[in-house]
Amino acid sequence: MTLAAISAVTEGMVLGTGVVIPIRWPLKLAQEFSSLSFLNGGKVVAGVGLGFSPAEFAGAGFDVERREEILVETVAIFRDAWDDGLVDFHGQVFDVDDVELFPTPVEPIPVVYGGNTPKSIRRAVDHTDGWYPGRLPMSTLEARLRYLEDYAGERASEMHTIIQPLVVVAPTREAAVAKVPVDEVAHSSGGAKFWLKPPSGEFRTVEDLRGLVVCGTPDDVVEQVMEFHDLGIDELVFDLRLQFDEYEDAHELLGAEVLPALRAALASPRGATATATTTA
């Protein structure tokens with residue numbers, strides 16, 4: 001509903017989820033994505049995740065132990081519904097006989113899988129069109145991208161990649177660094193135990209969190225975002241949750257200084273091959 005409201009007051013913006021988990025009935029969710037595509041001129045990305053909470057699954061009438069089956073079959077039902085509006089699907093969890101869903105999407109809706117472990121890469125490649133790891137330290141991201149290339153093989157170039165680092169932008173680097181709770185961020189993910197450690201062996205400074213956190217002045221942010229471009233990341237989402245108390249100020253800096261500088265950088269020889277989109 002929120003994305004539909006946004007579509008009514010914006011033009012040219014791609015809208016997506018990061019991410020929905022499979023506790024929603026797949027036919028209804030497929031229809032909602034299709035309707036959003038109709039409202040937003042086809043500019044929609046469906047980010048999906050596996051989920052983990054037994055209570056959430058039970059509340060929706062599902063068994064958390066079957067969450068992988070639910071995810072896989074949900075994506076398959078998406079494909080059927082979005083292809084021609086007709087769903088005839090018979091799986092282990094869902095059974096659908098000849099249901100029509102209209103409108104169909106204006107453009108094909110890419111499905112990206114959210115997760116940052118090696119197993120999440122396998123799920124993304126096996127069942128979706130892209131990989132959305134959220135945030136990762138740079139050394140871990142580089143290792144995961146190598147694994148993605150190896151596992152996907154010829155499909156690697158087709159996999160849409162989205163990164164979502166924590167972003168803190170301020171007039172001075174000192175002011176930005178002061179907003180980052182290093183220890184809390186370093187243990188903010190269930191997958192943190194699988195992250196590669198920095199040379200010091202522990203995440204003690206903002207520099208140790210490079211990639212996980214993009215932090216500094218507008219110029220600093222531009223340079224750090226371009227590092228993701230150099231790795232071949234397709235899309236970056238600015239996650240401003242560490243600046244909720246100064247959200248509008250951060251948006252002003254992004255809109256007035258960061259995004260124009262990124263457009264210029266992406267038009268330069270360094271960014272000439274860019275396919276990235278930046279989303280605030």
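When a residue number appears, it is its place in the shown sequence, counting from 1. Side chains included, hydrogens not; waters and symmetry mates left out as well; all remaining heavy atoms used.
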Donor-acceptor under 3.5 Å ([X] side chain, [Y] main chain):
X: N40; Y: M13; result: yes
X: E69; Y: Q92; result: no
X: E73; Y: V93; result: yes
X: H187; Y: D183; result: yes
X: T140; Y: L136; result: no
X: S37; Y: V106; result: yes

Salt-bridge contact [X]-[Y] (side-chain N to carboxylate O under 4.0 Å):
X: D129; Y: R79; result: yes
X: R210; Y: E227; result: yes
X: E184; Y: K179; result: no

Which value, rounded to the nearest 0.5 Å, describes the distance between [X] atom [atom1] and [Y] atom [atom2]?
X: E248; Y: L240; atom1: CD; atom2: CG; answer: 12.0 Å
X: E56; Y: F62; atom1: CD; atom2: CZ; answer: 12.5 Å
X: F33; Y: L15; atom1: CZ; atom2: CG; answer: 10.5 Å
X: W131; Y: L148; atom1: CH2; atom2: CG; answer: 6.5 Å

Counting heavy atoms not belonging to [X], are there more than 12 under 6.0 Å from its [atom1]?
X: Y147; atom1: OH; result: yes
X: E252; atom1: CD; result: no
X: E149; atom1: CD; result: no
X: K197; atom1: NZ; result: yes
X: F38; atom1: CZ; result: no

Minimum-distance pair of heavy atoms, taken over all atoms of [X] and [Y]:
X: Q243; Y: A250; result: OE1-CB, 3.6 Å
X: P198; Y: E202; result: CG-O, 3.1 Å
X: D234; Y: T161; result: OD2-N, 2.9 Å
X: G130; Y: T128; result: O-OG1, 3.0 Å
X: A192; Y: A186; result: CB-O, 3.8 Å
X: S35; Y: P103; result: OG-CD, 4.4 Å

Any non-hydrogen side-chain atom of [X] less than 4.5 Å from a side-chain atom of [Y]?
X: V185; Y: V213; result: yes
X: V48; Y: I21; result: no
X: L236; Y: P165; result: yes
X: F203; Y: P137; result: yes
X: L254; Y: F238; result: yes
X: W195; Y: L212; result: yes
X: S34; Y: L101; result: no
X: V19; Y: Y132; result: yes

| Between F94 and W25, how do the two ring planes meet: parallel, tilted or perpendicular, split at 30° and 60°? |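 The rings of F94 and W25 stand perpendicular, inter-plane angle above 60°.
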
| Any side-chain donor-acceptor pair under 3.5 Å between R135 and S188? |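 Judged by distance alone, the side chains do pair up.
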
| task | Check whether the side chains of Y113 and D126 place a donor and an acceptor atom closer than 3.5 Å, and report yes or no. | result |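 Side chains of Y113 and D126: no pair found under 3.5 Å.
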
| Can you check salt bridge (Lys or Arg N to Asp or Glu O under 4.0 Å) on R123 and E68, steps first, answer last? | CA-CA 9 Å; R123 290 191 189 103; E68 187 139 8; 3.1 Å; yes

Single-linkage hydrophobic cluster [X]~[Y], side-chain heavy atoms < 4.5 angstrom:
X: V125; Y: V72; result: no
X: L253; Y: L262; result: yes
X: L166; Y: L231; result: yes
X: L266; Y: I233; result: yes
X: V44; Y: L27; result: no

| said: Does T104 form a side-chain hydrogen bond (donor to acceptor under 3.5 Å, both in side chains) with W82? I'd like the steps, not just the answer. | reply: CA-CA 5 Å; T104 54; W82 297 340; over 6 Å; no

